[in-house]
There are 2 protein chains.
Amino acid sequence: MKFTLRQLQVFIATAHYKNLSRAAESLAMSQSAASGALQDLEQRYSTQLFDRVGKRLQLNGLGHSLRPLAESLMSQADEFERALQQQDIAGKLNVGATLTIGNYVVIPIIAQFMRDYPAIDIRLHVANTAHIAEQVINYELDIGLIEGEYNHQDLSIVPWQSDELVVFCTPEHPYAAFDVLTDEQLVAANWILRESGSGTRQAFDRAMHGLLNELKTHLELEHTEAIKRAVEAGLGIGCLSKITLADAFSRGSLVPLEVPDRDMERQFYFITHKKKYWSVGLQRWIECCQGTT
Amino acid sequence: MKFTLRQLQVFIATAHYKNLSRAAESLAMSQSAASGALQDLEQRYSTQLFDRVGKRLQLNGLGHSLRPLAESLMSQADEFERALQQQDIAGKLNVGATLTIGNYVVIPIIAQFMRDYPAIDIRLHVANTAHIAEQVINYELDIGLIEGEYNHQDLSIVPWQSDELVVFCTPEHPYAAFDVLTDEQLVAANWILRESGSGTRQAFDRAMHGLLNELKTHLELEHTEAIKRAVEAGLGIGCLSKITLADAFSRGSLVPLEVPDRDMERQFYFITHKKKYWSVGLQRWIECCQGTT
DNA sequence: GATTATATATCAGTATATCCGATATATTAT
DNA sequence: ATAATATATCGGATATACTGATATATAATC
C-alpha cells in the first residue's frame with residue numbers, strides 16, 4: 001500500500017474545490033503540505049490525477065475514474081473511526097428534497113428518524129430536482145428525494161412512493177358543483193400553477209398531454225402555499241399534490257375536482273450516487289423512509 | 001483520521017493469524033513494529049481490540065465488530081491501488097467449491113472466466129461445505145460454491161443453480177429392465193454412496209426420507225469417480241448428481257433409473273461474507289457463473 | 001518444579017515522512 | 001503594466017515508523 005488516507009483526503013478535497021488552497025484550508029493544513037501530498041500520491045504511482053492548466057487543478061480521466069472509489073473509501077474510513085470510538089451509528093446525513101417532498105412528505109420522516117437515531121446529525125436541503133441531482137453526483141448530498149424523472153449515468157434511481165396530483169377549487173367555484181370535469185371544462189378554466197421546470201408542473205404537463213397549448217395559465221407561482229392562497233382567493237383553479245391539500249380539504253376551504261380522463265399519477269424517487277458507499281446512517285434513513293410509507 | 005492503512009493491515013493480519021509474529025512476517029515487518037502499530041491504533045482511540053490472554057492475541061468484542069469493516073476497507077484500498085496503476089480489473093480471486101461442483105461444474109466456468117479476464121489470478125480450493133463456509137467467514141475465500149444448506153449469521157447465501165440426483169446402475173443389472181423403481185426395490189438394493197456429511201449424501205438422505213433406516217449401504221466412498229467405478233464393477237447401484245454421470249450415460253457404461261416417487265432436486269448456492277466488499281473481480285466472477293448457467 | 005521454547009512488550013537509535021513558513025513562479029484580472 | 005491569486009519548491013523542525021536488541025511473560029517439556 002503506497003498511499004495514505006491523508007493523501008486520499010487531499011485528493012478528494014482538491015477534486016471537490018478544484019482549488020488546492022481551499023482544499024488545504026478545509027483540511028486544516030498548509031497549501032504547501034497539500035501540494036506535496038498530492039504530488040507524492042502521483043509520483044508514487046508515476047501518474048497524473050489532475051491536469052494543471054494554468055493555476056487550475058482539473059481532474060483528468062484517471063482522476064475522474066478514481067474519485068468514486070476514493071469517496072467510498074473515505075466514507076468507510078469515517079465509519080470505521082466512528083465504530084472505533086464506539087459511537088455506534090452516528091455521523092452526518094445530507095438529504096436533498098424538492099419543495100413538495102421537503103415540506104410535506106419528509107418532515108414526518110425526519111421526525112421519526114431523529115427519534116430513532118438521535119446521534120445522527122441530519123440536514124435537509126430543499127432545491128429543485130436538477131440541482132439536487134447535481135449535488136448528489138458531486139457527493140455533496142448523500143441522497144436525494146425527487147419528483148420528476150432525471151437520468152444520469154452516475155445516478156442510481158429507485159422508485160419510492162407514488163403520488164397523485166389533484167385539481168381543486170373553492171367550494172364557491174361553479175366547477176365545484178360538477179361530479180367530473182371534461183377536457184372542455186379544463187380548457188375553459190383559469191389555471192394557477194407551479195412554475196415550469198418544477199416537478200409538479202412537469203407531472204401536470206404530462207397529465208394534460210394534448211390540451212397543453214389550449215390551457216390558460218392565469219398565474220405561475222413558485223410555492224404551493226401561495227397557489228392555495230390564490231385559489232382560495234377565487235383567482236382560478238389549481239393542481240397540486242394531494243399531500244399538500246389534505247389540510248385544506250378537511251377544513252373545507254378547498255374542494256377536489258374529479259378528472260377521470262386524465263392520469264394524475266406520478267412517482268417519487270430516491271437518487272444516490274451509484275458508486276457511493278452506503279453508510280449505516282444512510283441505510284437506516286432509507287429503511288426509515290420505506291417504513292413510514 | 002487518526003489511523004493509517006498500515007495499522008489496518010496489522011490489525012487484519014493479527015486477527016487472521018491470532019499471532020503477532022506471524023502477522024508481522026506476512027507483512028514483511030518486524031514483530032516490534034507490528035506490536036507498536038497495533039498498540040498505537042488502540043491508544044489513539046483509547047480502546048482495546050484484542051484481549052491479551054497470556055501470549056495470545058484474541059479479538060475482543062469491539063475488534064470482532066470492526067473486522068468486517070477493516071477487511072472491506074482494505075479490499076477497496078487494494079482496488080484503488082490497482083486502479084491507480086491502471087491495471088484495470090485484476091487481482092486475486094479465491095474460490096471455494098465442493099467436490100462435485102469443483103470437479104464438474106466450475107471447471108468450464110473457470111475456463112470461460114480466464115479467457116474473459118486473463119489478468120485475474122483465480123485459485124480454486126476444493127473442500128467440503130462446512131470447511132468452505134468456515135473459510136468464507138474467516139475471509140480466506142472470496143466466495144464459496146456449495147451444495148448443502150449451511151446457515152450462519154455472517155454469511156450471505158444466494159441460490160445459484162438447481163441440480164438433480166440420479167439413481168443408476170450397469171445395463172446388466174436386473175433393475176435396468178424396469179421403467180420405474182418402487183420404494184420396495186430401493187430398499188432391496190445394494191447401495192454405493194458418498195460418505196455421510198457430503199452434500200451429495202445429505203441430498204440423498206433427504207430424498208430417501210422415510211426409507212433411510214431400511215436402506216442397505218453396501219459401500220461408502222469419498223469420490224464420485226470411485227463410486228461410478230464400483231457400480232460399473234457390479235457391486236450395486238449408486239446415486240450421484242446427473243452432471244457427474246453425463247459421460248457414463250452417453251458411453252452406455254451406466255444407465256439411469258427412474259424413481260418418480262422421490263424428489264431428487266437440490267440446489268447449489270453461492271456463499272459470501274455478508275460484509276465483504278465485492279471487488280470488481282468478484283462481481284465479474286458472479287456474472288460469469290450466472291451467465292454460464 | 002526447573003528448563004526450554006515461544007510470544008509479546010519495551011527501549012534506543014535511525015531513517016523517513018510530514019508539515020509549516022517563506023519564497024519562487026505562473027496565471028488571471030484590472 | 002500592475003495587482004491579486006494560485007501553485008510549486010526549498011529548508012528546517014517535528015513527528016512517525018521501523019529495526020534490532022532486550023526484557024518479560026507464558027506454555028510446553030522433562
Side-chain angles (χ1 to χ4, degrees), chain A residues 1-60 62-64 70 73-74 77 80-81 84, chain B residues 1-60 62-64 70 73-74 77 80-81 84:
Chain A
M1 211 57 43
K2 288 187 306 194
F3 69 96
T4 68
L5 290 174
R6 189 80 211 212
Q7 289 168 350
L8 222 58
Q9 289 181 308
V10 174
F11 168 69
I12 289 172
T14 309
H16 179 85
Y17 290 107
K18 302 182 199 301
N19 178 317
L20 194 63
S21 302
R22 262 184 261 172
E25 192 186 352
S26 80
L27 294 170
M29 70 200 296
S30 71
Q31 175 265 325
S32 83
S35 174
L38 212 54
Q39 284 179 67
D40 198 36
L41 181 62
E42 292 181 325
Q43 277 168 28
R44 275 180 148 70
Y45 293 94
S46 1
T47 187
Q48 292 260 123
L49 298 170
F50 292 91
D51 287 330
R52 271 80 168 173
V53 284
K55 55 186 188 184
R56 175 157 289 141
L57 283 160
Q58 186 73 37
L59 271 181
N60 67 14
L62 180 61
H64 210 81
L73 209 41
M74 278 309 305
F80 184 81
E81 187 162 59
L84 256 178
Chain B
M1 213 55 43
K2 290 187 305 193
F3 70 95
T4 68
L5 289 174
R6 196 77 219 246
Q7 288 168 351
L8 265 189
Q9 289 181 309
V10 174
F11 168 69
I12 289 171
T14 309
H16 179 83
Y17 291 107
K18 302 182 199 300
N19 177 319
L20 195 63
S21 303
R22 264 185 258 171
E25 190 187 354
S26 79
L27 294 169
M29 71 200 296
S30 70
Q31 176 266 326
S32 82
S35 174
L38 213 53
Q39 284 179 65
D40 198 35
L41 181 62
E42 293 181 326
Q43 277 168 29
R44 275 182 147 72
Y45 294 93
S46 359
T47 187
Q48 292 260 123
L49 298 171
F50 292 90
D51 286 330
R52 271 81 167 170
V53 284
K55 55 185 188 182
R56 176 158 286 140
L57 284 160
Q58 186 73 38
L59 271 181
N60 67 14
L62 180 60
H64 210 81
L73 209 41
M74 277 310 303
F80 184 82
E81 187 162 59
L84 256 178

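To find a chain, count down the sequence lines: A is the first, B the second, and so on, and within it residues start at 1.
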request  = Apply side-chain contact (heavy atoms from CB on, under 4.5 Å) to the pair B:L49 and A:L84, showing each step before the final yes or no.
outcome  = CA-CA 9 Å; B:L49 298 171; A:L84 256 178; 3.9 Å; yes
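- For the side-chain hydrogen bond (donor to acceptor under 3.5 Å, both in side chains) with B:D40, the lone residue among B:R6, B:K2, B:Q7 that qualifies is B:Q7.
- Both A:S35 and A:K55 sit near DNA chain D, but only A:K55 has its closest nucleotide nearer the 5' end.
- If you check distances only, the side chain of B:Q39 never reaches the base of C:dA9 with a donor-acceptor pair under 3.5 Å.
- A close approach under 4.0 Å does occur between a side-chain nitrogen or oxygen of B:R52 and OP1 or OP2 of C:dA9.
- B:L41 has its CG atom 11 Å from the P atom of D:dA17, to the nearest Å.
- Counting only heavy atoms from C-beta on, A:A33 has its side chain closest to C:dC19 among D:dT19, D:dA6, C:dC19.
- Minimum heavy-atom separation, A:I12 to A:A70: CD1-O, 3.4 Å.
- Here the shortest heavy-atom pairing between A:S26 and A:A13 reads OG-CB, 4.0 Å.
- In this structure, B:L38 places its CG atom 14 Å from C1' of D:dA17, rounding to the nearest Å.
- Taking atom CZ of A:R56 as the reference point, atom C1' of D:dA8 lies 18 Å away to the nearest angstrom.
- Between B:A34 and B:M29, the shortest heavy-atom contact is N-CE, 3.9 Å.
- As rounded to whole Å, 6 Å separates atom P of D:dT19 from atom CE of B:M29.
- A ring-centre distance under 6.0 Å is not found for A:F3 and A:F11.
- Between A:Q58 atom CD and C:dT28 atom P there is a gap of 13 Å when expressed in whole angstrom units.
- Distance from the side chain of A:R22 is smallest to D:dA6 among C:dT18, D:dA6, D:dT16.
- One cannot find a donor-acceptor pair under 3.5 Å joining the base of D:dA6 and the side-chain atoms of A:Q31.
- In terms of phosphate contacts, B:S32 brings no side-chain nitrogen or oxygen within less than 4.0 Å of OP1 or OP2 of C:dT10.
- Protein atom CD of A:Q43 is 15 Å distant from nucleotide atom C1' of C:dT18, rounded to whole Å.
- Within residues 3-15 of chain B, the residues that have a heavy atom under 4.0 Å from DNA chain D are, in order of number, B:T4, B:R6.
- Taking the side chain of B:L20 as heavy atoms from C-beta on, and the options C:dT8, D:dT7, D:dC18, the nearest nucleotide is C:dT8.
- When the side-chain nitrogen and oxygen atoms of A:N19 are compared with OP1 and OP2 of D:dT5, none of them lie within a distance under 4.0 Å.
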task = Please report the C-alpha distance between B:T4 and A:L5 in whole Å, then the side-chain angles of each, then the deciding distance to 0.1 Å, and finally whether the side-chain contact (heavy atoms from CB on, under 4.5 Å) criterion is met.
result = CA-CA 7 Å; B:T4 68; A:L5 290 174; 6.0 Å; no
